[in-house]
Amino acid sequence: MTRSLIGLRTTPHGGRSLFPIQPIAEGTSIFTCEAPFAHVIYKDYRREVCAQCFAYAASTFRSIGDPRTWSIRSCRVTAETVWFCTDECKVTWESGVIGPLIADINALLGKAKIATRRNSARDGYDPILPNGPPAQITQDYIDKAWGDVEELVSSRARLSSYCSTMNLEDMELEISRSVASAIIQRYVFDHRLASLTTSSIISTLDPWTEVLDLQSSELSNVSLRPYILAAHLRVYAFLCHSLPKHLRLYVPTARHILARDTGNAFGIWDGDHRDEMLGWGLWVGASYFNHSCCPNVKKTRVGRTIHFTTSRSVEIGEELCISYIDTSQAIAQRRQDLENSWFFKCGCQRCQSEEPNGASPR
């Protein structure tokens, strides 16, 4: 980031956000976030997505006749097989610490899921939330549910019995893999096994401190999707049961990541056309950019790195905003998309000008 150009300020409408501290010309690179703190590539795309740079083999940018999957792979005995677009990406990945550790843990998680047998009682009943969600979700209810699962995992015997019949869903496994990648990041940082690039905006050398500084959307997310709480609790129990002992200390990371990924994570797409979402990632510093339906900043992912560049000239006092959604849509669809995924009703300048009958957002 060109730190002389932008700074972090508190806003009345969107928490903290980024503002220029001097006029910025169009086309200026203002921030670069080099790698996600947590990420996952969906199972159906793993042969098509490079594990190092996230290049998509079936992208429309590739020539007709090019293979639709990558052929270069790493297949160590203890690890999940991963694929690469070039030998250079493979060498870069194998010479690092985090990628191979994630592949090792993903192999363990895959085997642990297979080991759980189908529970016919799962439909309509789960001992982790036996009574289902109440009509009104409160933070106290969520806290109690997490307290109950903490009690469950405190007994290895009870935890093993539960996990043997939990029938973890495929999407719950994907969530587990994402959280596990964050756990590995914390473990690597704490044990100084590698130097992590934080791309920090706030003044900290600890990337986990910056994660915790992100806004939690736990209550909003569970209120909109009550079913997600049970899924998150099962993920937590599954990780407590499946991760090796040296990583279990970090499993409380799960709740903090799950409370922040919705509303802060970015989709990993196949390109600018956004035809295929290949997975998602939590680029922490990038999460400080708020949304506008008339943005003045464009984000572009190149490999694992997200670059932010001004799309027009910006004056001092103007908030630096990106777009979270397809802004070619009508105001009603834009607001619905934002409320469903980011839990706010947009009141940007464009939405105010398009507001029916001059009404203002709540």
Side-chain angles (χ1 to χ4, degrees), residues 1-37 39 54 197-203 210-211 213-215 217 260-274 277 280-329 331 333-335 337-339 341-354 361:
M1 177 175 64
T2 307
R3 297 185 183 278
S4 61
L5 295 181
I6 66 176
L8 197 61
R9 284 170 39 187
T10 300
T11 68
H13 57 275
R16 290 182 299 176
S17 187
L18 296 170
F19 290 81
I21 59 176
Q22 65 182 62
I24 304 176
E26 178 182 350
T28 301
S29 175
I30 57 173
F31 182 61
T32 298
C33 199
E34 295 190 12
F37 185 82
H39 79 279
F54 302 151
T197 302
T198 62
S199 300
S200 179
I201 287 179
I202 63 175
S203 179
E210 191 167 10
V211 171
D213 203 59
L214 296 177
Q215 182 174 332
S217 57
R260 289 163 175 79
D261 64 352
T262 302
N264 288 296
F266 290 82
I268 299 174
W269 296 87
D270 60 337
D272 291 339
H273 295 298
R274 296 167 65 93
M277 184 172 167
W280 75 86
L282 184 62
W283 279 263
V284 181
S287 299
Y288 287 104
F289 285 95
N290 281 334
H291 165 83
S292 172
C293 295
C294 46
N296 51 22
V297 175
K298 179 182 179 180
K299 69 178 188 297
T300 306
R301 182 179 61 81
V302 179
R304 287 175 168 257
T305 301
I306 298 183
H307 301 270
F308 295 86
T309 306
T310 51
S311 55
R312 61 172 175 80
S313 60
V314 184
E315 299 300 321
I316 296 175
E318 287 188 74
E319 187 175 5
L320 293 162
C321 293
I322 61 175
S323 171
Y324 297 171
I325 58 168
D326 178 1
T327 56
S328 67
Q329 302 174 111
I331 182 173
Q333 186 61 55
R334 298 199 311 268
R335 284 187 165 171
D337 289 349
L338 290 166
E339 288 190 87
S341 296
W342 288 275
F343 317 112
F344 70 90
K345 187 172 184 178
C346 188
C348 71
Q349 184 178 17
R350 177 184 171 189
C351 284
Q352 290 183 45
S353 69
E354 297 176 7

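Along the sequence shown, the residues carry numbers beginning at 1. What you see is a predicted model, and the numbers here were worked out from it, not measured in a lab.
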Any side-chain heavy atom of [X] within less than 4.5 Å of one from [Y]?
X: F289; Y: F308; value: yes
X: I30; Y: L18; value: no
X: N290; Y: Y324; value: yes
X: I306; Y: T300; value: no
X: C351; Y: R335; value: yes
X: S287; Y: L282; value: yes
X: F19; Y: T11; value: yes

* Please work out whether the ring planes of H291 and F344 are parallel, tilted or perpendicular, with thresholds of 30° and 60°. => tilted
Shortest non-hydrogen contact from [X] toward [Y]:
X: A25; Y: T28; answer: O-OG1, 2.8 Å
X: C321; Y: P295; answer: O-CB, 3.4 Å
X: C293; Y: C348; answer: N-SG, 3.4 Å
X: F31; Y: C33; answer: CE2-CB, 3.8 Å

* Stepwise, does the side chain to side chain contact (heavy atoms under 4.5 Å, CB included) test hold for Q22 with E315? -> CA-CA 7 Å; Q22 65 182 62; E315 299 300 321; over 6 Å; no
Test your reading of the model: is there a side-chain donor-acceptor pair from [X] to the backbone of [Y], 3.5 Å cut-off?
X: S217; Y: R260; value: no
X: W342; Y: T262; value: no
X: T327; Y: S323; value: no
X: S353; Y: R350; value: yes

* Asked: When you look at D337 and Q329, which way does the side-chain hydrogen bond (donor to acceptor under 3.5 Å, both in side chains) test go after all the steps?
  -> CA-CA 10 Å; D337 289 349; Q329 302 174 111; 3.0 Å; yes
* Test side chain to side chain contact (heavy atoms under 4.5 Å, CB included) on I325 and Q333 and set out the steps. => CA-CA 10 Å; I325 58 168; Q333 186 61 55; over 6 Å; no
* Under 6.0 Å from the CD atom of Q349, do we count more than 12 heavy atoms belonging to anything else shown? ->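 For Q349, atom CD is not crowded (no more than 12 foreign heavy atoms under 6.0 Å).
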[atom1]-[atom2] distance between [X] and [Y], expressed to the nearest 0.5 angstrom:
X: F37; Y: E210; atom1: CZ; atom2: CD; answer: 10.0 Å
X: I331; Y: C346; atom1: CD1; atom2: SG; answer: 8.0 Å
X: F343; Y: Q215; atom1: CZ; atom2: CD; answer: 10.5 Å
X: K299; Y: W283; atom1: NZ; atom2: CH2; answer: 10.5 Å
X: S313; Y: E26; atom1: OG; atom2: CD; answer: 7.0 Å

* Asked: Is the gap between the ring centers of F54 and H39 under 6.0 Å?
  ->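 So the answer is yes for these two rings.
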* To do: Quick one: list whatever passes salt bridge (Lys or Arg N to Asp or Glu O under 4.0 Å) with R334, sequence neighbours left out.
  =>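 Scan of R334 (salt bridge (Lys or Arg N to Asp or Glu O under 4.0 Å), adjacent residues dropped) gives E354.
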* Which one of L5, I316, N296, T309 satisfies the side-chain contact (heavy atoms from CB on, under 4.5 Å) criterion with I24? -> L5
* State, without any angle test, whether E319 and S17 hold a side-chain donor-acceptor pair at a distance under 3.5 Å. => yes
* To do: Run the numbers on L214 and V284 for side chain to side chain contact (heavy atoms under 4.5 Å, CB included), then give the verdict.
  => CA-CA 8 Å; L214 296 177; V284 181; 4.0 Å; yes
